[in-house]
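Take a look at the structure set out below.
FYI, side chains are in, hydrogens and waters are out, and symmetry mates aren't considered; it's all heavy atoms of this structure.
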Amino acid sequence: MMPWLFLLLALASLAAAFKSSSPALVAVWLLVSLVLFVAWVMGLLSQRVGNSSRDISHVLDPEEMRRLREQAEARKNALGNPEGPR
């Protein structure tokens, strides 16, 4: 929601720059518009990265990894291949 507010404010400041009569105010409004536009893009990128990041609850702890290795070793030994691949 917040990035879209930045875009709306950037467009409003761009409109204010076009309505302004003073060159100094035009420069200020254009600078504000640029900053808000960059904030909009960064907000969109932040949302995209946040949505695609992994859930930390799916990460295995060392104890779980050890247990899985032991199970794999036991299966390999049960199949009669204790040395592993050559």
Side-chain angles (χ1 to χ4, degrees):
M1 178 71 180
M2 192 68 175
W4 298 108
L5 181 63
F6 287 141
L7 179 62
L8 181 66
L9 290 173
L11 292 175
S13 63
L14 193 61
F18 282 120
K19 294 274 187 184
S20 179
S21 60
S22 168
L25 279 177
V26 169
V28 168
W29 282 119
L30 287 176
L31 184 64
V32 168
S33 179
L34 177 67
V35 168
L36 288 170
F37 180 73
V38 169
W40 171 66
V41 170
M42 295 300 284
L44 285 180
L45 291 175
S46 174
Q47 279 183 349
R48 178 158 295 193
V49 168
N51 290 340
S52 66
S53 65
R54 289 184 3 176
D55 186 14
I56 193 68
S57 66
H58 293 269
V59 177
L60 298 176
D61 63 342
E63 185 63 31
E64 182 72 14
M65 288 293 292
R66 185 190 59 77
R67 189 179 65 75
L68 289 173
R69 276 193 212 106
E70 288 174 355
Q71 286 178 353
E73 186 81 22
R75 274 193 301 257
K76 187 168 46 170
N77 289 338
L79 291 175
N81 189 5
E83 291 104 35
R86 291 183 188 210

*Tell me, do Phe37 and Leu11 make a side-chain contact under 4.5 Å, heavy atoms counted?*
no
*Is it the case that one hydrophobic cluster holds both Met2 and Leu7, taking links as side-chain heavy atoms less than 4.5 Å apart, direct or via other members?*
yes
_Ignoring hydrogens, what is the shortest heavy-atom contact between Leu44 and Trp4? Give both atom names and the distance._
CD2-CZ2, 4.0 Å
*What is the minimum heavy-atom distance between Gly43 and Pro3, and which atoms define it?*
C-CG, 3.7 Å
_Check this for me, if you would: do Arg66 and Glu70 make a salt bridge, where the nitrogen-to-carboxylate-oxygen distance has to be below 4.0 angstrom?_
yes
*So how far is it from Glu73 CD to Arg69 CZ, rounded to the nearest 0.5 Å?*
11.0 Å
*asked:* Working to the nearest 0.5 angstrom, can you tell me the gap between Glu63 CD and Leu68 CG?
replied: 10.5 Å
*Between Leu8, Val32, Leu30, Val28, which is the residue that forms a side chain to side chain contact (heavy atoms under 4.5 Å, CB included) with Ser13?*
Val32
*Please report the closest heavy-atom contact between Ser20 and Trp29, naming both atoms and the distance.*
CB-CD1, 4.4 Å
*Taking the side chain as every heavy atom from C-beta outward, state whether Leu45 and Arg48 have any pair of such atoms under 4.5 Å apart.*
no
*Can Val35 be reached from Phe6 by stepping across I, L, V, M, F, W or Y side chains whose heavy atoms are under 4.5 Å apart?*
no
*So how far is it from Leu9 CG to Leu14 CG, rounded to the nearest 0.5 Å?*
12.5 Å
